[in-house]
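Structure first, then comments.
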Amino acid sequence: MLDRKFIVENAELVKQNCRNRGVAADIDRFVALENERRLLQVEVEELNRKANEVSKSIGKAKDAGEREARKEEGRMLRERTNEVRTKLDELAAELDGIHRSIPNLSHPDAPVGEDDKSNLEVARGKTPLPKFDFEPLDHVALGERLDLIDFEGGARVAGHGFYFLKNEAVLLELALQRYALGVLMAEGFTPMTTPDLATNEVLEGTGYIPRGPETQIYSIENQNLSLVATAEITLGGLLAGQTVDADALPLKLCGISHCFRTEAGAHGKESRGLFRVHQFTKVEMFAFTLPDDSEAMLGHLRDLECRLFDGLEIPYRVVDTATGDLGGPAYRKFDLEAWLPGRGGFGEVTSTSNCTDYQARRLNARFKVKGEKGTRFVHTLNGTAVAISRALIAVLENYQQADGSVVVPEVLQAVVGKERIEPRS
RNA sequence: GGAGAGGUGGCAGAGUGGUCUAAUGCGCGGGUUUGCUAAACCCGUGAGCCUGUAACUGGGCUCCGCAGGUUCGAAUCCUGUCCUCUCCGCCA
C-alpha cells in the first residue's frame with residue numbers, strides 16, 4: 001500500500017502511475033473520501049474527549065441528582081459518537097478497497113508500456129547460445145526418454161499440472177537446491193525451510209489475494225490458511241507486526257518452499273510440460289533493508305541470479321520489466337529469461353523485485369533507529385534463486401546431446417553423482 | 001483431539017469497575033560523584049493516528065492477544081476467537 005497522505009498530496013502522480021501500469025483505480029474518489037474521513041475522525045475524537053471528561057466528573061459528583069444528569073449527558077455523547085463512528089467505518093471500508101487496488105509507484109527508469117512486449121533487455125549471460133548439430137528435443141520428450149518425469153502419474157493423482165520427478169531428476173532438484181544455498185550462504189544469506197501454508201493476512205500483506213475468481217492461490221477449507229505461491233509470502237510475513245532495530249538490517253534470507261499456484265486463466269499457451277505447473281519447489285531470496293539501501297540490494301539480488309545461471313552455464317538475458325507488467329507491490333522488477341532450446345526462445349526462469357515499503361506498510365513491518373523518535377517502514381525485496389521446475393527445463397534442454405543423453409552441469413555433478421544422464425535400457 | 005493454566009510496555013511482573021496519567025524491578029539513555037572502570041545516587045525512558053503555531057514549547061484520540069457486548073466509565077465483568085505453556089492421547 002501507498003501512504004494515504006502521500007496519495008492525497010500527490011494525486012496526479014499516483015493517477016499517472018496507475019495509467020502507466022494499466023490499473024483502474026478511482027484516485028479522485030479516494031482523495032475525496034480520505035478528506036471526509038479525516039473530518040469525521042476529528043469529530044469522533046472530539047466527542048470522545050467530551051465523553052471521557054463527563055465520565056471522569058461522575059465519580060466526583062456531589063449528589064445523586066447531579067450524577068444522574070451527568071450520566072444522561074454521557075449516554076447522549078456516546079450515542080452520537082457511535083453514529084459518527086458508523087459513518088466513519090463505512091467510509092474507511094470503501095477507502096480501503098480503493099487503497100488496496102492502487103499499485104506501488106514505479107522506478108523512473110522502468111520502461112513504460114502496457115505489457116511484456118515493452119520489457120527491455122538490459123543484459124546477457126556469459127554463456128553463448130548453444131548450437132546443436134541435431135534437432136533439439138524439448139524437456140517433455142527428454143524427460144520421457146530418460147525416464148525423469150511422470151506427467152501422467154501426476155495427473156492421475158492430482159490432475160493436470162502435477163507431476164512426479166523420478167530418478168536423476170530428483171537428484172537434480174536436490175543438487176540445484178544445494179548449489180543455490182551454497183552460493184547464497186557465502187553471500188551472508190540465512191538459509192531457512194519455511195511453512196508451505198500461511199494465514200490469509202500474511203498473504204494479503206505481501207500483496208496476494210487468497211480468494212476470488214482470479215486468485216492464484218489454493219485455500220484450505222474452513223481454515224484461515226492458504227498454500228503459499230512462493231516463500232516470499234512466508235519470509236515477508238516473518239516481520240509482520242514487528243519493529244526491528246535499524247542495526248539488524250539488512251536481513252538477507254533464503255527460503256526453500258513448495259509453491260502452489262492455481263494458474264487460473266493461464267491454460268493453453270504454456271501449459272505443456274514443467275513450464276507452468278501447479279506445484280514446484282523453489283529457493284527464494286528475501287531481504288529487509290533500510291529505505292536507502294533497497295536499490296543497491298535489488299542490484300545485489302539481480303547479480304546473484306545472474307551468477308547462479310552463469311555458474312550453471314545456461315544462456316540467458318535480463319529484462320527490465322515494463323510498468324504494465326509489474327505486479328502491484330513491485331517498484332522495479334528484473335526478470336531473468338533462460339534460453340530454452342525446446343521452444344527456440346527465452347523463457348522466464350527467475351525474477352527479482354524491489355517492493356520498497358509497499359508490502360511493509362501492509363504487513364506493518366518497521367524499523368527503529370536508536371535515539372530517534374518513532375519508527376519507519378522497512379523495504380522488502382525478493383528474488384528467485386532457483387525455481388526447480390523451470391531450471392530443470394533449462395538444464396535438460398541446454399545440456400542435451402546428440403546421443404540422447406544429458407550432461408549434468410559441472411556445479412551439480414557432486415550431488416547428482418554422475419556426469420551424464422543416459423537413456424535407460 | 002481432551003483437560004488445565006495463561007496472554008499487560010524492550011524484558012520480568014503487579015494490577016478484580018472511576019485516583020491507571022498502568023506500580024515495582026531489570027534493561028536502555030542522560031547526568032552527578034570519581035585516577036580509569038565499576039558501584040552508588042539523580043533524572044528520563046512505548047507505539048500508532050489526528051491536530052496546532054510564522055517557528056519552538058504544544059493539544060487530543062486510540063492501544064493491556066484479537067473481535068464483539070454490558071456500563072456514563074473496562075486491563076478489570078460477559079461472549080466469541082486466536083495464540084502460548086503444562087499434562088494426556090495420537091504420531092514422523
Side-chain angles (χ1 to χ4, degrees), chain A residues 1-9 30-96 99 193-205 210 219-226 234 237-249 251 256 258 288 291 357-378:
Chain A
M1 284 195 279
L2 297 179
D3 181 44
R4 285 198 309 251
K5 210 180 279 181
F6 179 90
I7 298 169
V8 170
E9 285 165 6
F30 183 91
V31 171
L33 286 173
E34 172 63 8
N35 286 328
E36 195 182 337
R37 190 195 63 79
R38 277 192 216 167
L39 291 177
L40 286 177
Q41 180 173 341
V42 171
E43 196 180 339
V44 166
E45 287 180 1
E46 177 61 15
L47 285 164
N48 262 339
R49 191 187 62 73
K50 282 186 189 152
N52 288 342
E53 223 168 61
V54 169
S55 291
K56 270 179 204 158
S57 75
I58 288 173
K60 296 170 198 143
K62 286 194 265 312
D63 54 65
E66 187 187 334
R67 186 168 298 136
E68 282 312 312
R70 305 243 82 187
K71 275 192 190 181
E72 184 53 31
E73 193 182 342
R75 261 192 289 270
M76 304 263 292
L77 277 167
R78 297 286 172 183
E79 208 174 293
R80 177 86 190 110
T81 308
N82 282 339
E83 284 168 22
V84 181
R85 186 185 298 282
T86 303
K87 240 197 297 180
L88 182 77
D89 289 346
E90 285 168 9
L91 220 70
E94 186 182 348
L95 212 41
D96 189 57
H99 199 179
T193 60
T194 61
D196 284 340
L197 286 83
T199 64
N200 293 331
E201 288 72 32
V202 169
L203 261 80
E204 283 166 14
S219 52
I220 306 295
E221 194 175 16
N222 299 327
Q223 302 248 271
N224 187 33
L225 291 169
S226 298
T234 40
L238 208 52
L239 284 195
Q242 305 290 303
T243 303
V244 297
D245 208 286
D247 298 340
L249 299 174
L251 221 53
I256 302 176
H258 295 111
F288 296 98
D357 61 3
Y358 189 90
Q359 289 177 324
R361 184 168 287 108
R362 209 178 274 188
L363 288 167
N364 194 22
R366 301 162 176 272
F367 71 92
K368 178 169 179 59
V369 179
K370 257 203 180 75
E372 274 183 22
K373 193 98 178 132
T375 57
R376 294 170 62 196
F377 292 109
V378 301

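Here is how names work: the chains are called A, B, and so on, in the same order as the sequence lines, proteins then strands, and each is numbered from 1.
B:G89 sits 44 Å from B:C26 when the P atoms are compared, rounded to a whole Å. With both ends at atom C1', the span from B:C50 to B:C66 equals 24 Å, rounded to whole Å. Across the P atoms, B:C36 and B:U86 are found 50 Å apart, a figure rounded to whole Å. Atom name C1', nucleotides B:U33 and B:G25: the rounded distance is 24 Å, in whole Å. Rounded to a whole angstrom, the distance from the C1' atom of B:G27 to that of B:G80 is 37 Å. Look at the C1' atom in both B:G15 and B:U76: the space between them is 8 Å, to the nearest Å. With P as the reference atom, B:U81 and B:A74 are 24 Å apart, rounded to whole Å. Rounded to the nearest Å, the gap between the P atom of B:C20 and that of B:U24 is 11 Å.
Salt bridge annotation for A:Glu53-A:Lys50: absent, with no cationic side-chain nitrogen under 4.0 angstrom from a carboxylate oxygen. Ion pairing between a basic and an acidic side chain is recognised when a charged N comes within 4.0 Å of a carboxylate O; A:Arg38 and A:Glu34 show such pairing. Salt bridge status for A:Glu43 with A:Arg80: present, with a side-chain N to carboxylate O gap under 4.0 Å. With respect to A:Glu46 and A:Arg49, a salt bridge is recorded, a charged nitrogen being found less than 4.0 Å from a carboxylate O.
Partner assigned to B:U21 is none, using Watson-Crick or G-U wobble distances below 3.5 angstrom. B:G27 is paired with B:U45 under the criterion used here, namely a Watson-Crick or G-U wobble arrangement in which both key atom distances are under 3.5 Å. Judged by Watson-Crick or G-U wobble contacts below 3.5 Å, the nucleotide B:A14 has no partner. Nucleotide B:A3 forms a pair with B:U86, judged by Watson-Crick or G-U wobble geometry with both contacts under 3.5 Å. Nucleotide B:U53: unpaired (no Watson-Crick or G-U wobble partner with both distances less than 3.5 Å). The nucleotide B:A92 finds no pairing partner, because no Watson-Crick or G-U wobble arrangement with both distances shorter than 3.5 Å includes it. Look at B:U81: its Watson-Crick or wobble partner, with both distances under 3.5 angstrom, is B:G65. Across all strands shown, B:A38 forms no Watson-Crick or G-U wobble pair with both distances under 3.5 Å.
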What string of B, S and - do you get for nucleotides 80-85 of chain B 5' to 3' if you count protein non-hydrogen atoms under 4.0 Å?
-> ------
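The side chain of A:Val42 has B:C50 as its nearest neighbour among B:G18, B:A47, B:C50.
Going from atom CD1 of A:Ile58 over to atom P of B:A74 covers 11 Å, rounded to whole Å. Here the P atom of nucleotide B:G27 and the NZ atom of A:Lys368 are 20 Å apart, to the nearest Å. We find that CG of A:Asp89 is positioned 15 Å from C1' of B:C49, with the value rounded to whole Å. To the nearest angstrom, C1' of B:C50 lies 15 Å from CG of A:Leu91. Rounded to an integer number of Å, the gap from A:Gln41 CD to B:C63 C1' is 14 Å. Distance CZ (A:Phe377) to P (B:A47): 14 Å, rounded to an integer number of Å. If you measure from atom CZ of A:Arg366 to atom C1' of B:C49, you get 10 Å, rounded to the nearest angstrom. Atom pair A:Asp247:CG and B:G29:P shows a separation of 12 Å (rounding to whole Å applied).
Under the side-chain hydrogen bond (donor to acceptor under 3.5 Å, both in side chains) criterion, A:Glu9 pairs with no residue, sequence neighbours left out. Every residue meeting the side-chain contact (heavy atoms from CB on, under 4.5 Å) condition with A:Arg361, not counting sequence neighbours, appears here in chain and number order: A:Met1, A:Asp3, A:Asp357, A:Phe377. Applying the salt bridge (Lys or Arg N to Asp or Glu O under 4.0 Å) criterion to A:Glu45, with sequence neighbours excluded, gives no partner residue.
Of all non-hydrogen atoms in A:Ser226 and A:Leu203, the two that sit nearest each other are CB-CD2, 3.8 Å. The two atoms that bring A:Arg37 and A:Leu88 nearest to each other are O-CD1, 3.5 Å, heavy atoms only. Looking at every heavy atom in both residues, A:Val54 comes nearest to A:Leu77 through CG2-CD1, 3.9 Å. Contact record, A:Val44 with A:Arg85: CG1-NH2, 3.6 Å, taken as the closest heavy-atom pair. Shortest non-hydrogen contact noted between A:Ala246 and A:Val369 is CB-CG2, 3.9 Å. Nearest heavy atom pair, residue A:Phe288 against residue A:Val378, reads CD2-CG2, 3.9 Å.
Along RNA chain B, the nucleotide nearest to A:Arg4 and the one nearest to A:Glu72 differ in position, and the one closer to the 5' end is contacted by A:Arg4.
Within 4.0 Å (heavy atoms only), A:Thr375 reaches sugar-phosphate atoms of the nucleic acid but no base atom.
Not one side-chain nitrogen or oxygen of A:Lys56 sits closer than 4.0 Å to the OP1 or OP2 atom of B:U21. Phosphate contact (OP1/OP2 of B:G73, side-chain N/O of A:Arg78, threshold under 4.0 Å): present.
Residues from residues 45-54 of chain A lying near RNA chain B, meaning a heavy-atom separation below 4.0 Å, are A:Glu45, A:Asn48, A:Arg49, A:Asn52 in numerical order.
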Strictly under 3.5 Å: I want the nitrogen or oxygen pairs between protein and nucleotides 90-92 of chain B, one per line.
none

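Side-chain contact of A:Asn48 with A:Thr81: a donor-acceptor pair under 3.5 Å is absent, judged by distance alone.
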